[in-house]
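Read the numbers this way: they start at 1 and go in the same order the structure lists the ligands and their atoms. Sequence positions, counted from 1, serve as the residue numbers for this chain.
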Amino acid sequence: MCIFFLQSRLESNNIDPDILTALHKLWKNNVPSKVGVFGWRLLLDKLPTRANLASKGILSSPHDLPCVFCFQVAEDCNHLFFSCNKVTELWRQVCLWLGCDYNLQEVGCKHFLSFGLIIKSKKGKKVRHLIWLATTWCLWRTRNNILFRGDKADFSALLDQIRFISWLWFSGRAGRKA
Ligand SMILES: [Zn+2]
């Protein structure tokens with residue numbers, strides 16, 4: 001995919017400068033291509049969340065709309081990845097692992113950019129957005145496994161998965177096409 005072509009198209013379409021900054025930082029991470037595309041879609045709110053499917057008329061029943069993690073709020077991108085109670089607890093654990101304070105109230109690209117700022121250590125700076133991608137990628141996989149495989153919402157092993165995937169990507173063992 002020609003990222004620079006997409007980026008220049010977005011620039012000419014008057015996209016929020018914060019989103020453009022986030023997208024620019026996103027592509028600097030050494031992650032598999034499909035994860036880069038996933039991050040791109042997330043930041044632009046183009047993932048097939050329940051709210052997005054409903055807005056296109058693909059989902060119409062109110063029973064299809066709740067978040068599969070908490071079943072209390074309609075699943076849109078910001079709730080699913082940033083503000084669901086289950087998810088904020090996971091971000092707190094990720095921050096604890098990285099030795100920084102959790103204080104992320106923002107959503108979407110602002111969450112992405114703030115996450116980059118809270119990591120102070122030199123070592124952390126190299127991988128901050130890679131870990132952000134690993135966390136959101138694991139959440140999306142967990143959500144899909146609940147919806148399409150009938151798995152239970154189990155967050156207990158997610159931090160270990162995020163650590164493992166981050167290491168895999170950072171060490172280049174996953175390859176760009178994995
Ligand atoms: Zn929820």
> In terms of hydrophobic clusters joined by side-chain contacts under 4.5 Å, are Leu80 and Leu159 together?
Replying inline: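 Both belong to a single hydrophobic cluster.
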
> If you leave out waters, which protein N, O or S atoms are less than 2.8 Å from the Zn ion (ligand 1)?
Replying inline: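 Under 2.8 Å from the Zn ion (ligand 1) - ignoring waters, which are not counted - the protein N, O or S atoms are Cys67 SG, Cys70 SG, His79 NE2, Cys84 SG.
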
Run the side chain to side chain donor-acceptor pair (under 3.5 Å) test against [X] and tell me which residues pass, sequence neighbours left out.
| X | value |
| --- | --- |
| Lys110 | Asp18 |
| Asp160 | Arg163 |
| Ser156 | Asp154 |

> If you take all heavy atoms of Ala134 and Ile165, which pair is closest and at what distance?
Replying inline: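 It is CB-CG2, 4.1 Å.
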
>> Could you measure the distance from the CH2 atom of Trp40 to the CG atom of Leu26? Nearest 0.5 Å is fine.
In response: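 Result: 8.5 Å between the selected atoms.
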
